[in-house]
Trainee: 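Let me begin by handing over the structure; questions about it come next.
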Amino acid sequence: MTTDDPPPIRRLSEWDAARLRDLADEHGTPLYVIDQGRVRENVANLEQAFHAEAISYAVKANTVRTTLETVADTGLDAECASAGEVKRAVEAGFEAVRYTAVNPPAADLDHVVSLSDAVEDLDLVITIGAADTLAALEERGYDGPLAIRVNPGVGAGHHAKVTTGDAPKFGVPFDRVPDLASDVLDRGFDLVGLHAHAGSGIHDEDDLQAHRELVARMGELARDLDHDLDFLNVGGGLGVPYRPDEAPLNLDRVASATREAAGDLDATLGIEPGRYVVADAGVLLTTVNTVKPTPETTVVGVDAGMTTLLRPAMYDAYHEIRSLAPDADDREATAATVAGPICETADVLGRDRPLPAPERGDVLAIGNAGAYGYEMASNYNSRPRPAVVSLDGSESELAVERETLSDLTRLEIEQ
Ligand SMILES: *Cc1c(COP(=O)(O)O)cnc(C)c1O
């Protein structure tokens, strides 16, 4: 690292409170804010550590058009999980697109195969995770390059995370890959790569050890195939510190561990981070509606909930919460449970957080909301989805409009 490198992580405390308050004033809340400058810094940090590897952005972490364009401009490839993602990645200007077909619906395959014919110079690879997807592609006349998604978690003696991280739903069982590879080649397809992704993520030493095992197994598999591959992709899952006292991931260490574990390869080693590219580039702004003292805690009711940011309700995920009140420093710390407006017990964004005594009308910022935030927003409880604002330097522009109440019934057929 040199002093010119971007900081490894942007903490919630580093966002300019006055600027965020102004955005909340101008656009209303709940509001996602995504800083394209920070997205570029994250890509630069990844490229610095993984200098020899091919990097794809797993677009499902954030598919807002502006964000996709920023990442496409940096030259990263796109890793897509659906026809919709492939369409959006192509429209945003990605030239190389990997479509990883997880139990692909017929309509998805139709769409992706037709795009591969229709878009000139599109560098598309379809990654199959089951033998019968091969037949489905054959039926559609696909004759482009293929990769195989491997489920590396097999047998005893392997780290629990590797086994549980890749549920049987994902990928072809490790031991069956050589047979499928022969089948792919026998049917005249161009087999260009192997792929694996463990969903669990790399945060600490145990995770890094599990990652090493995964990569080492994949390296062996690639060497055992008597066929030359272009790439071996070992997935995403690079962790970000959600808690203020957590250290950032040491990317250089992860990169050298990845290289070392893969061993000698004729193929390019690839990674496909999603979260790492966008998580700390985004915050969610929300306004306090009610402050209710209870015997256990102060319940702070806000206008964002599990339909705005699902991760706390779905994964028990921790997201830092900060008061943007101009006089926050003068207020006494209060243990606050920040809850949304949805009729579900799980609709809590943070429990017993020491916040400067919240007041109605305060704007709160929720950190690390750039990844899997807006993407997982829903209309449950007939809540319109929030707006998204994109920052670039001192500029800001609306990237996604706020849904309205009439949008909620837009697709209904009047009887
Ligand atoms: C979701 C996903 C990723 C990205 O995971 P992150 O944890 O966001 O880095 C990479 N590859 C595949 C196949 C995925 O499904």
Side-chain angles (χ1 to χ4, degrees), residues 9 34 39 42-43 45-46 49-50 53-64 67-68 71 76-86 88-89 94 96-104 108 112 125-130 133 146-153 161-162 164-172 193-204 207-208 210-211 214-215 218 231-242 248-249 251 254-255 258 269-282 310-311 314-315 317 368-376:
I9 204 79
I34 177 111
V39 172
N42 284 329
V43 172
N45 283 336
L46 284 163
F50 292 90
E53 287 75 32
I55 309 173
S56 309
Y57 168 53
V59 305
K60 75 177 188 287
N62 188 315
T63 51
V64 169
T67 307
L68 290 182
V71 182
L76 260 53
D77 299 345
E79 158 67 30
C80 300
S82 69
E85 288 184 2
V86 171
R88 295 169 85 174
F94 282 97
V97 173
R98 315 267 166 265
Y99 167 51
T100 299
V102 178
N103 302 335
D108 279 44
V112 174
V125 176
I126 299 183
T127 302
I128 59 170
T133 303
L146 283 185
I148 297 176
R149 179 165 182 170
V150 180
N151 188 325
K161 284 249 168 116
V162 177
T164 55
D166 245 24
K169 160 172 175 176
F170 297 107
V172 177
L194 292 180
H195 169 273
H197 167 73
S200 42
I202 307 168
H203 298 270
D204 58 20
D207 305 326
L208 187 58
H211 174 71
L214 178 149
V215 177
M218 292 297 290
F231 67 84
L232 173 66
N233 190 311
V234 293
L238 301 173
V240 298
Y242 280 96
L249 195 65
L251 277 188
V254 179
T258 305
L269 195 55
I271 58 157
E272 47 189 31
R275 185 185 317 276
Y276 201 91
V277 177
V278 286
D280 68 348
L310 181 60
R311 300 187 70 258
M314 185 156 162
Y315 307 115
N368 272 323
Y372 307 107
Y374 184 75
E375 289 302 313
M376 290 186 162

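Whatever order the structure lists ligands and atoms in, that order sets their numbers, starting from 1.
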Trainee: Would you check the N or O atoms of Arg275, main chain and side chain alike, for any that come under 3.5 Å of an N or O of ligand 1?
Mentor: yes

Trainee: Tell me whether Ala61 reaches ligand 1 (any heavy atom closer than 4.0 angstrom to a ligand atom).
Mentor: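 Under 4.0 Å: no for Ala61.
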
Trainee: Checking the side chain of Tyr57 only, and the main-chain atoms of Leu68 only, is there a donor and an acceptor separated by less than 3.5 Å?
Mentor: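 Not a single qualifying donor-acceptor pair exists.
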
Trainee: What pair of heavy atoms forms the shortest contact from Pro168 to Asn151, and how long is it?
Mentor: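 Here Pro168 and Asn151 meet closest at CA-ND2, 3.8 Å.
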
Trainee: If you look at every heavy atom in Val97 and Ala89, which pair is closest and at what distance?
Mentor: CG2-CB, 4.4 Å

Trainee: Do Glu85 and Thr63 pair up side chain to side chain, a donor and an acceptor below 3.5 Å, judged on atom types alone?
Mentor: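 Short answer, no.
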
Trainee: Going by the order shown, which atoms of ligand 1 are within less than 4.0 Å of some heavy atom of Pro273?
Mentor: 9 (O)

Trainee: Go through ligand 1 atom by atom and flag the ones less than 4.0 Å from a non-hydrogen atom of Glu272.
Mentor: 3 (C), 4 (C), 10 (C), 11 (N), 12 (C), 13 (C)

Trainee: Show the atoms of ligand 1 that are less than 4.0 angstrom away from any heavy atom in Gly274.
Mentor: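 Listed by number with element, the hits are 4 (C), 6 (P), 8 (O), 9 (O).
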
Trainee: Where is the nearest protein heavy atom to atom 14 (C) of ligand 1: which residue, which atom, and how far?
Mentor: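 So the nearest neighbour among protein heavy atoms is Lys60 NZ, 2.9 Å.
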
Trainee: Which residue supplies the protein heavy atom nearest to atom 9 (O) of ligand 1, what is that atom called, and how far is it?
Mentor: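 Residue, atom and distance for the closest contact: Gly237 N, 2.8 Å.
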
Trainee: Go through ligand 1 atom by atom and flag the ones less than 4.0 Å from a non-hydrogen atom of Arg149.
Mentor: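 Result: 13 (C).
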
Trainee: When you check the side-chain N and O atoms of Glu272 and His195, is any donor under 3.5 Å from an acceptor?
Mentor: yes

Trainee: At under 4.0 Å between heavy atoms, is it the side chain or the backbone of Ala58 that contacts ligand 1, or both, or neither?
Mentor: side chain

Trainee: Does any part of the side chain of Glu79, heavy atoms only, come nearer than 4.5 Å to the side chain of Thr127, both counted from C-beta?
Mentor: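 When only atoms from C-beta onward are counted, Glu79 and Thr127 do not touch, as no gap falls below 4.5 Å.
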
Trainee: His195 heavy atoms, cut-off 4.0 Å: which ligand 1 atoms fall inside?
Mentor: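 With His195 as reference, the close atoms of ligand 1 come out as 13 (C).
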
Trainee: Report the part of His197 (side chain from C-beta onward, or backbone N, CA, C, O) that has a heavy atom under 4.0 Å from ligand 1; answer both or neither where that applies.
Mentor: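 The answer is the side chain.
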
Trainee: Using a 4.0 Å heavy-atom threshold (strictly under), name the region of Tyr372 that reaches ligand 1: side chain, backbone, both or neither.
Mentor: side chain

Trainee: Can you tell if the side chain of Tyr374 reaches within under 4.5 Å of the side chain of Asn62, non-hydrogen atoms only?
Mentor: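 Tyr374 does not reach Asn62 side chain to side chain.
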
Trainee: Using a 4.0 Å cutoff against the non-hydrogen atoms of Glu79, which atoms of ligand 1 qualify?
Mentor: 13 (C)

Trainee: If the condition is salt bridge (charged side-chain N to carboxylate O under 4.0 Å, His left out), which residues does Asp108 pass it with, not counting sequence neighbours?
Mentor: none

Trainee: Just wondering, do Arg88 and Val59 contact through their side chains at under 4.5 Å, heavy atoms?
Mentor: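 No, too far: nothing below the 4.5 Å cut-off.
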
